[in-house]
Novice: 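Once you've had a glance at the structure underneath, I'll fire off some questions.
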Amino acid sequence: QVQLVESGGGLVQAGGSLRLSCAASGRTFSRYVMGWFRQAPAKEREFVATISGSGGITGYADSVKGRFTISRDNAKNTVDLQMNSLTPEDTAFYYCAAGPVRSGREREYDYWGQGTQVTVSS
């Protein structure tokens, strides 16, 4: 069982940056692939980024590639999402998730946090 708690969301102007963090419980954190997803109002939840258990392999949605960076600290049981050059289109509820395989598909992730709101003003 893994419990995930996101933090770091808020309101930022377009062009600005935010850093989201996800804290995980449990002693087997490094065994899990971690992912970030987001859901904008009236839209389906979509993949943002993923990182392997060791942190050596990452993957990004095309919409955030070059602007967002996912990282993890297995000693602290945390996974972060550094978001730069934010646009209003990045406004969404952001969720972190844990699963056994690296994937952009929601169904591959077994555990989810409660989410944190990111709002980007124009």
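Computed from a predicted model, the values in this text were never measured in an experiment.
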Novice: Output every pair passing salt bridge (Lys or Arg N to Asp or Glu O under 4.0 Å) with a member in residues 107-122, not counting sequence neighbours, ordered by first then second residue.
Specialist: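 Of all non-adjacent pairs touching residues 107-122, those that pass salt bridge (Lys or Arg N to Asp or Glu O under 4.0 Å) are Arg105-Glu108.
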Novice: Identify, with sequence neighbours excluded, every residue that meets side-chain contact (heavy atoms from CB on, under 4.5 Å) alongside Arg19.
Specialist: Ser71, Asp80, Gln82
Novice: Judged by modelled atom types alone, do Tyr109 and Thr50 share a side-chain donor-acceptor pair under 3.5 Å?
Specialist: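 Looking only at side-chain atoms, Thr50 and Tyr109 do form a donor-acceptor pair, the distance falling under 3.5 Å.
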Novice: Do Leu20 and Phe93 share a hydrophobic cluster, counting only Ile, Leu, Val, Met, Phe, Trp and Tyr and linking them when any side-chain heavy atoms are less than 4.5 Å apart?
Specialist: no
Novice: One pair to check against side chain to side chain contact (heavy atoms under 4.5 Å, CB included): Gln1 and Tyr111. What are the steps and the verdict?
Specialist: CA-CA 8 Å; Gln1 189 79 7; Tyr111 304 102; 3.8 Å; yes
Novice: Residues in salt bridge (Lys or Arg N to Asp or Glu O under 4.0 Å) with Arg31, at least two apart?
Specialist: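 In terms of salt bridge (Lys or Arg N to Asp or Glu O under 4.0 Å), with neighbours along the sequence ignored, Arg31 is linked to no residue.
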Novice: Show me the pairs that pass disulfide bond (SG atoms under 2.5 Å apart) and involve residues 19-103, at least two apart or across chains.
Specialist: Cys22-Cys96
Novice: Of the non-hydrogen atoms in Leu4 and Ala97, which two are nearest, and what is the gap between them?
Specialist: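 Closest approach of Leu4 to Ala97, heavy atoms only: CD1-CA, 3.7 Å.
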Novice: So, for Ser103 and Phe47, which heavy atoms are closest and what is the spacing to 0.1 Å?
Specialist: O-CE1, 3.9 Å
Novice: Going by disulfide bond (SG atoms under 2.5 Å apart), name the pairs with one or both residues in residues 31-63, residues two or more places apart or in two chains.
Specialist: none
Novice: Testing Thr87, Asn84, Asp90 for side-chain hydrogen bond (donor to acceptor under 3.5 Å, both in side chains) with Arg67, which one passes?
Specialist: Asp90
Novice: Assigning hydrophobic clusters by single linkage (Ile, Leu, Val, Met, Phe, Trp, Tyr; side-chain heavy-atom cutoff under 4.5 Å), is Met34 placed with Trp36?
Specialist: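 Linked, Met34 and Trp36 end up in one cluster.
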Novice: Which heavy-atom pair separates Thr78 from Ala23 by the least distance, and what is that distance?
Specialist: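 Nearest pair, atom of Thr78 first, then Ala23: CG2-CA, 4.3 Å.
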Novice: Using modelled atom types only, decide if a donor and an acceptor are shared between the side chain of Ser30 and the backbone of Asn74 within a distance under 3.5 Å.
Specialist: no
Novice: Between Val64, Thr69, Val48, Leu18, which is the residue that forms a side chain to side chain contact (heavy atoms under 4.5 Å, CB included) with Leu81?
Specialist: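 The residue from Val64, Thr69, Val48, Leu18 that satisfies side chain to side chain contact (heavy atoms under 4.5 Å, CB included) with Leu81 turns out to be Val48.
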Novice: Just to verify, what does Gln114 make a side-chain contact (heavy atoms from CB on, under 4.5 Å) with, not counting sequence neighbours?
Specialist: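 Gln114: side-chain contact (heavy atoms from CB on, under 4.5 Å) contacts with Val5, Glu6.
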Novice: Any chance you could measure Thr91, atom OG1, to Arg38, atom CZ, to the nearest 0.5 Å?
Specialist: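 Between atom OG1 of Thr91 and atom CZ of Arg38 there are 9.0 Å.
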Novice: Would you name the heavy atoms of Asp73 and Phe29 that are closest together and state the gap between them?
Specialist: O-CE2, 4.1 Å
Novice: Please list, chain by chain and in numerical order, all residues satisfying side-chain contact (heavy atoms from CB on, under 4.5 Å) with Gln39, sequence neighbours excluded.
Specialist: Arg45, Tyr95
Novice: Identify all side-chain donor-acceptor contacts of residues 115-122 below 3.5 Å with residues at least two apart in sequence or on another chain.
Specialist:
{"unit_1": "Thr116", "atom_1": "OG1", "unit_2": "Gly9", "atom_2": "N", "d": "3.3"}
{"unit_1": "Gln117", "atom_1": "NE2", "unit_2": "Ala92", "atom_2": "O", "d": "3.4"}
{"unit_1": "Gln117", "atom_1": "NE2", "unit_2": "Thr119", "atom_2": "OG1", "d": "3.4"}

Novice: Suppose we screen for side-chain contact (heavy atoms from CB on, under 4.5 Å). Which residues come up paired with Thr58, at least two apart in sequence or across chains?
Specialist: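 For Thr58 the side-chain contact (heavy atoms from CB on, under 4.5 Å) partners, ignoring immediate neighbours, are Ile51, Tyr60, Ile70.
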Novice: Mind checking what makes ring pair (Phe, Tyr, Trp, His ring centres under 6.0 Å) contact with Phe68, not counting sequence neighbours?
Specialist: none
Novice: I need the full list of disulfide bond (SG atoms under 2.5 Å apart) pairs touching residues 45-81, with sequence neighbours left out, sorted by first then second residue.
Specialist: none
Novice: Under the salt bridge (Lys or Arg N to Asp or Glu O under 4.0 Å) test, which residues partner Arg72, sequence neighbours left out?
Specialist: none
